Asker: 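The structure's right below; bear with me while I get my questions together.
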Amino acid sequence: MLDIKLIREHPQTVKEGIAKKGEDPASIDKVLGFDARRREIIQQSELLKSRKNAVSAEVGKLKREGKDASAVIAEMDEVKSNIKAFDDELALIEADLNKLLLTIPNIPHPDVPVGRTPEDNKEVSRWGEIEQQEFEMKPHWELIQKLDIIDFERGVKVTGAGFPFYKDKGAKLQRALINFFLDEAATRGYKELQPPLMINTASATGTGQLPDKEDLMYTVPRDEFYMVPTAEVPVTNIFRDEILSEKDLPVKFCAYTPCFRREAGSYGKDVRGLNRLHQFDKVELVKFVHPEKSYEELESLRDDAERLLQLLALPYRVLLMCTGDMGFTQTKKYDLEVWAPAQKRWLEVSSISNFESFQARRMNIRFRPAGGKPEILHTLNGSGLALPRVVAALLEHYQTPEGKVIVPKALHKYTGFEVIG
RNA sequence: GGAGAGCUGGCAGAACGGCUAAUGCACCGGUCUUGAAAACCGGCGUCCGUAAGGACUUUGGGGUUCGAAUCCCUAGCUCUCCGCCA
């Protein structure tokens, strides 16, 4: 959430910022109205409370001296009911204000292209050669079926669409990629975590999944938990309501988890094969950083993620997301898209974002600068990487005319085999 | 799942329903010192207010009372014992 002081002091800047994300700037005027009323009530209520405290102290004194206090006590009835009236209104205003603040998106960084649709995203770089093979390339779902390495149909029976079984070399390839990604992250200074796979409401609100994206998550109603939609949620919440020392920054974590997403409303060829699943595996990279460093940390995070695709020798491009396409919580976001040669399309395998203080303020994560008061820090995260589309691109890219798949060299020590099929 | 005990600042740890929520450690600033340590002084949560000042803060929420860390209800969490269990 945005800093109320920022909204109070620079309402115009904030309005322009959220307008770029396609949000109605009128909500800012509502915030200002609530804020003004809130402060007005606080002042009146506190005046009465001050009076009440003074009277109570007086009563204590009279009683100790053995005198009668009934006259002063009688005076309190009205004061108390007035306090209650103010505090009731204050509670309502604060609830409204807070609810509203939670629905106001983060303000985009000035570098970010202004736009509304994916066409407005800016390609900032490209790596690797996109070559068309001589032979007819098969899309990954056909390779999967022929090689019998992933069973979608039985997944449908056991759970539903989008919950596949990975089999044989398919399962081993998953394990290999997860270990490869985690090991590479470790070489870049990320400490490994195995987080909880269910999260509570406070955690989901902290990173911004709630209230914005409630429909995206699977719920566990009996215990009021959500299944993790990404490791970002438990990992970023690890320091909720804590104060870190400045000398410990940046703190870097990597975590593998399955991710569960309802993805309501998606269908068609976008979801063929591994393109979109309800349960998928991902290694996530999360950083807690000093506010002055967050944009350089964003670039190094992007480099950490890009390197993984380079090691797998898969062609990809980097997009700088436009204001309208980047999401609620981010100030600046890159997507990495890998080339799937048989489908002849780019597949998003990583999103790399700076949230500045937006998440950290919701979670109350601070650091203590030398000798100073605690300050809200900045959070970032990026996928490093999401598996299914990497697998899709890998199968398509490394297929042979005979329908086999060559395992890229970087994975050999993890898979223990060099060819599938 | 059952029974019991508990939750006070960054940490440890006091407080008969009333007077400024002690005290110690850690941390920050200052004095002193060539420098450091020690000692001493001050600071060390949030909000409102230009300020003076005021309000709030003993896990969260509600209640009793002129007045609640303290009593009552409720939620969460932690610990101990029992049961079940990979």
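The model shown is predicted, which means the values in this text are computed figures rather than measured ones. Throughout, a chain's letter reflects where its sequence line sits, starting with A, and its residues are numbered from 1.
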Asker: Can you check the Asp241(A) CG to rG10(B) C1' distance for me, whole Å?
Answerer: 14 Å

Asker: Can you run down the side-chain hydrogen bond (donor to acceptor under 3.5 Å, both in side chains) pairs that involve residues 228-238 of chain A, sequence neighbours left out, and say none if there aren't any?
Answerer: Thr230(A)-Lys282(A), Glu232(A)-Gln359(A), Glu232(A)-Asn381(A), Asn237(A)-Arg240(A)

Asker: Give me each pair satisfying ring pair (Phe, Tyr, Trp, His ring centres under 6.0 Å) with a member in residues 88-108 of chain A, each pair once, sequence neighbours excluded.
Answerer: none

Asker: Give every donor-acceptor pair under 3.5 Å between a side-chain atom in residues 96-105 of chain A and any protein atom, sequence neighbours left out.
Answerer:
from, atom 1, to, atom 2, distance (Å)
Thr103(A), OG1, Leu100(A), O, 2.7

Asker: Just grab all the salt bridge (Lys or Arg N to Asp or Glu O under 4.0 Å) pairs involving residues 322-332 of chain A, residues at least two apart or on different chains.
Answerer: Asp111(A)-Lys332(A)

Asker: In whole angstroms, how far is the C1' atom of rG10(B) from the CZ atom of Arg366(A)?
Answerer: 11 Å

Asker: rG10(B) C1' sits how many Å from Ile365(A) CD1, rounded?
Answerer: 17 Å

Asker: C1' atom, rG49(B) versus rC56(B): distance in rounded Å?
Answerer: 15 Å

Asker: In which stems does RNA chain B show up, taking only runs of three or more Watson-Crick or G-U wobble pairs whose two distances fall under 3.5 Å?
Answerer: B:1-7 with B:76-82, B:10-12 with B:23-25, B:27-31 with B:39-43, B:45-48 with B:53-56, B:59-63 with B:71-75

Asker: What is the separation between atom CG on Asn364(A) and atom P on rG10(B), rounded to the nearest whole Å?
Answerer: 11 Å

Asker: Which whole number of Å gives the distance between the C1' atom of rG6(B) and that of rG13(B)?
Answerer: 15 Å

Asker: Which atom pair, heavy atoms only, marks the closest approach of Pro113(A) to Lys122(A)?
Answerer: CG-CB, 4.2 Å

Asker: Return the polar atom pairs (N/O with N/O) between nucleotides 48-50 of chain B and the protein under 3.5 Å, or none.
Answerer:
from, atom 1, to, atom 2, distance (Å)
rC48(B), OP1, Arg8(A), NH2, 3.4
rC48(B), O2', Gln43(A), NE2, 3.3
rG49(B), OP1, Arg39(A), NH1, 2.9

Asker: Does Glu89(A) pair with Arg37(A) as a salt bridge, N-O distance under 4.0 Å?
Answerer: yes

Asker: rG76(B) P sits how many Å from Phe225(A) CZ, rounded?
Answerer: 10 Å

Asker: Can you pull out every ring pair (Phe, Tyr, Trp, His ring centres under 6.0 Å) where at least one residue sits in residues 71-102 of chain A? Sequence neighbours excluded, please.
Answerer: none

Asker: Expressed as a whole number of Å, how far does the P atom of rG63(B) sit from that of rC47(B)?
Answerer: 25 Å

Asker: Sort and list the pairs that fulfil salt bridge (Lys or Arg N to Asp or Glu O under 4.0 Å) and have at least one residue in residues 157-176 of chain A, not counting sequence neighbours.
Answerer: Asp148(A)-Lys167(A)

Asker: List, one per line, each side-chain donor-acceptor pair under 3.5 Å for residues 385-397 of chain A, sequence neighbours excluded.
Answerer:
from, atom 1, to, atom 2, distance (Å)
Arg389(A), NE, Asn275(A), O, 2.7
Arg389(A), NH1, Glu348(A), O, 2.8
Arg389(A), NH2, Asn275(A), O, 3.0
Glu396(A), OE1, Ala342(A), N, 3.0
Glu396(A), OE1, Gln343(A), N, 3.1
Glu396(A), OE2, His140(A), N, 3.0
Glu396(A), OE2, His140(A), ND1, 3.0
Glu396(A), OE2, Gln343(A), NE2, 3.1

Asker: Rounded to whole Å, please give me the gap between CD in Glu242(A) and C1' in rG45(B).
Answerer: 16 Å

Asker: Could you tell me how far rU8(B) sits from rA68(B) if I compare only their C1' atoms? Round to whole Å.
Answerer: 14 Å

Asker: If the sugar-phosphate is the primed atoms plus P, OP1 and OP2 and the base is the rest, what is the B/S/- string for nucleotides 59-70 of chain B, using protein heavy atoms under 4.0 Å?
Answerer: -------BS---

Asker: CG of Leu47(A) versus P of rC56(B): gap in Å, rounded?
Answerer: 12 Å

Asker: Determine the interatomic distance between P on rG9(B) and the same-named atom on rG61(B); round to the nearest Å.
Answerer: 15 Å

Asker: Could you measure between the two C1' atoms, the one in rA26(B) and the one in rA12(B), and give it in whole Å?
Answerer: 10 Å

Asker: Strictly below 4.0 Å: does Asn53(A) bring a side-chain N or O up to OP1 or OP2 of rC56(B)?
Answerer: yes

Asker: Pairs in or reaching into residues 403-421 of chain A: which pass salt bridge (Lys or Arg N to Asp or Glu O under 4.0 Å), with residues at least two apart or in two chains?
Answerer: none

Asker: Can you give the donor-acceptor pairs under 3.5 Å from side chains of residues 6-13 of chain A to other protein atoms, not counting sequence neighbours?
Answerer:
from, atom 1, to, atom 2, distance (Å)
Arg8(A), NE, Asp35(A), OD2, 2.7
Arg8(A), NH2, Asp35(A), OD1, 3.2

Asker: I need the CZ-P distance between Arg37(A) and rC47(B), as an integer number of Å.
Answerer: 21 Å

Asker: When rounded to the nearest Å, what value does the distance between P atoms of rA52(B) and rC44(B) take?
Answerer: 14 Å

Asker: Parallel under 30°, tilted from 30 to 60°, perpendicular over 60°: which one fits the rings of Tyr218(A) and Phe260(A)?
Answerer: perpendicular

Asker: Could you measure between the two C1' atoms, the one in rC48(B) and the one in rU57(B), and give it in whole Å?
Answerer: 15 Å

